[in-house]
A.B. asks: 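Dropping a structure here in structure tokens format, bear with me for questions.
Basis for what follows: all heavy atoms, side chains included, without hydrogens, waters or symmetry-related copies. Position 1 is the first residue of the sequence; numbering continues from there. Atoms within each ligand, like the ligands themselves, are counted from 1 in listed order.
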Amino acid sequence: MVKRNILLNPGPATTTDTVKMAQVVPDICPREKEFVKIMREVEEGLLRIVHADPAEYATVLFCGSGTINMDVCLNSLLPENKKILIVNNGAYSSRGVEICEYYGLPHVNLKLPLDRQPDLTLIEQTLQENTDIALVYTTHHETGTGLLNPIREIGALVHRYGAVFVVDTTSTYAMRPINMAVDEIDFCMASAQKGIMAMTGLSFIIGEKTVIEASANYPKRSYYCNLYMQYEYAKKHGEMHFTPPVQVIYAVRQALKEYFEEGETEKWSRHCRVYQTIRAGLTDLGFHIYIPEGQDSGLVAAALYPSDPAWDFEKIHDYCYERGYTIYPGKVEKLGMFRLCALGAIDREDIEAFFVVFREALDRYGVSVPVRYE
Ligand SMILES: *Cc1c(COP(=O)(O)O)cnc(C)c1O
């Protein structure tokens with residue numbers, strides 16, 4: 001048994017012991033047929049999670065954290081003389097904008113309010129005014145705040161204007177049910193340490209084969225991070241172009257097994273139940289939650305710092321950390337907040353036990369309860 005920590009940060013998530021232990025395997029060269037077979041299994045499992053027909057969609061694996069997927073999609077899927085539209089209402093879409101800036105990719109940064117779902121008419125107007133937009137990019141769930149974007153509605157608009165829709169689903173994949181076709185997604189992405197509850201180091205993009213194949217002729221802007229090159233190599237050789245994170249892939253195989261055993265609906269109900277317990281616990285203590293119910297992802301609650309001078313996030317964090325619970329700061333500039341996330345192999349009882357410790361921490365440092373806001 002490994003000490004069980006409850007990670008309430010937005011990934012990496014708490015994993016099961018069976019997933020941890022799946023990494024302890026005899027040494028193997030990843031070019032062996034035995035390993036190639038495992039990679040295939042993993043690719044197929046990842047497609048199944050988002051109900052993607054293997055005839056139409058492919059999984060492309062990369063060694064790296066989730067940001068590598070964002071980089072790859074943005075730099076690889078833009079044809080010459082075309083533009084990207086970023087529907088930007090959070091820290092992760094802003095990172096998408098930064099990637100465009102680094103590569104010098106022509107883009108429109110549609111900045112929208114961070115605390116509510118976007119006005120679809122503004123997105124449509126932008127598509128009307130910029131007929132050279134070939135790629136629309138957004139985040140399904142802005143993990144910095146907990147805001148959920150209506151991707152199905154955005155996707156329908158994007159497709160009406162003939163563009164490709166790329167969605168960063170890193171913090172929803174394998175948690176909120178996603179169906180590529182029904183949700184109007186052409187490309188989605190995630191990494192192994194979030195929804196599937198495996199380890200860090202493997203990221204993956206799921207996308208339409210016809211679009212990836214068309215991108216063979218698009219400008220090549222990166223060597224290591226090119227989508228078509230990685231796809232083509234895997235298609236020919238059944239493996240990643242460069243060294244894969246071998247042990248992580250064993251953990252992913254085990255995590256997928258556990259995912260399908262738990263089941264899509266059951267797993268999502270568990271995350272919902274964890275999230276509801278978090279929201280209720282925070283509300284009971286008087287905390288204000290940044291994103292209103294109904295516009296939230298059901299996975300991340302961002303609570304505003306109280307104005308009580310006794311409140312000190314670091315101290316509260318350390319108190320909880322020493323007792324096996326990790327809490328995490330927010331991600332909105334100039335607004336003090338912290339996040340409690342419902343990712344990982346945890347359930348309601350873990351949150352109830354956390355709130356006992358959290359309440360002790362508030363008392364220990366003299367933060368008055370219910371917490372105060374001016
Ligand atoms: C976690 C996350 C990423 C990836 O972040 P890394 O630090 O590179 O793993 C990307 N997008 C979203 C929405 C995320 O939650």
A.B. asks: Using a plain distance cutoff, I'd like to know if Asp168 has any nitrogen or oxygen under 3.5 Å from a nitrogen or oxygen of ligand 1.
C.D. replies: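 Yes.
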
A.B. asks: Considering the heavy atoms of Thr139, write down every atom of ligand 1 situated less than 4.0 Å from one of them.
C.D. replies: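 Near Thr139, meaning under 4.0 Å from one of its heavy atoms, ligand 1 has 13 (C).
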
A.B. asks: Do Val136 and Leu127 have side chains that get closer than 4.5 Å, going by heavy atoms?
C.D. replies: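 When only atoms from C-beta onward are counted, Leu127 and Val136 do touch, with a gap below 4.5 Å.
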
A.B. asks: Which ligand 1 atoms are under 4.0 Å away from a heavy-atom of His141?
C.D. replies: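 Counting from 1, the qualifying ligand atoms are 13 (C).
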
A.B. asks: Against heavy atoms of Arg95, which atoms of ligand 1 measure under 4.0 Å?
C.D. replies: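 Listed by number with element, the hits are 5 (O).
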
A.B. asks: Can you name the atoms of ligand 1, numbered from 1 with element, that are less than 4.0 Å from a heavy atom of Ser171?
C.D. replies: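 Under 4.0 Å from Ser171, ligand 1 has these atoms: 13 (C), 15 (O).
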
A.B. asks: Check each atom of ligand 1 against the heavy atoms of Thr143 and keep those under 4.0 Å away; list them by number with element.
C.D. replies: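 Answer for ligand 1: 12 (C), 13 (C), 14 (C), 15 (O).
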
A.B. asks: At less than 4.0 angstrom from any non-hydrogen atom of Thr67, what atoms of ligand 1 do you find?
C.D. replies: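 What qualifies from ligand 1 is 4 (C), 5 (O), 6 (P), 8 (O).
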
A.B. asks: What I want to find out is whether Lys235 reaches Glu213 closely enough, with some N-O distance under 4.0 Å, to be called a salt bridge.
C.D. replies: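 Salt bridge between Lys235 and Glu213, a charged N being under 4.0 Å from a carboxylate O: yes.
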
A.B. asks: Looking at Glu266 and Arg270, is there a salt bridge between them, counting it only when a charged N and a carboxylate O are closer than 4.0 Å?
C.D. replies: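 The answer is no: the pair does not qualify as a salt bridge.
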
A.B. asks: Cation-pi check for Tyr319 against Arg364: NZ or CZ below 6.0 Å from the six-membered ring centre and within 45 degrees of the axis, yes or no?
C.D. replies: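 Not flagged: Arg364 not positioned over aromatic ring of Tyr319.
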
A.B. asks: If you measure from the Lys or Arg side-chain nitrogens to the Asp or Glu carboxylate oxygens, is any gap between Asp350 and Arg4 under 4.0 Å?
C.D. replies: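 Looking at Arg4 together with Asp350, the answer is yes, because their closest N to O distance falls below 4.0 Å.
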
A.B. asks: Which residue supplies the protein heavy atom nearest to atom 2 (C) of ligand 1, what is that atom called, and how far is it?
C.D. replies: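 It is Lys194 NZ, 2.5 Å.
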
A.B. asks: Quick one: which ligand 1 atoms are inside 4.0 Å of a heavy atom on Gln193?
C.D. replies: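 Contacts of ligand 1 toward Gln193, numbered from 1: 9 (O).
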
A.B. asks: Counting only heavy atoms not in Lys111, do more than 12 fall under 6.0 Å of its NZ?
C.D. replies: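 Count not over threshold, so no.
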
A.B. asks: Could you tell me whether Gly66 and ligand 1 have an N or O pair separated by under 3.5 Å?
C.D. replies: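 Yes; the residue has a nitrogen or oxygen that sits under 3.5 Å from a nitrogen or oxygen of the ligand.
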
A.B. asks: Answer with side chain, backbone, both or neither: which part of Asn69 has a heavy atom less than 4.0 angstrom from an atom of ligand 1?
C.D. replies: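 No part of Asn69 is near ligand 1 at this cut-off.
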
A.B. asks: Determine whether Leu147 and Val300 make a side-chain contact, defined as any pair of heavy atoms from C-beta on separated by less than 4.5 Å.
C.D. replies: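 No, every pair of side-chain atoms sits at 4.5 Å or beyond.
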
A.B. asks: Which value, rounded to the nearest 0.5 Å, describes the distance between Tyr365 atom OH and Ile316 atom CD1?
C.D. replies: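 If we round to the nearest 0.5 Å, Tyr365:OH and Ile316:CD1 are 7.5 Å apart.
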
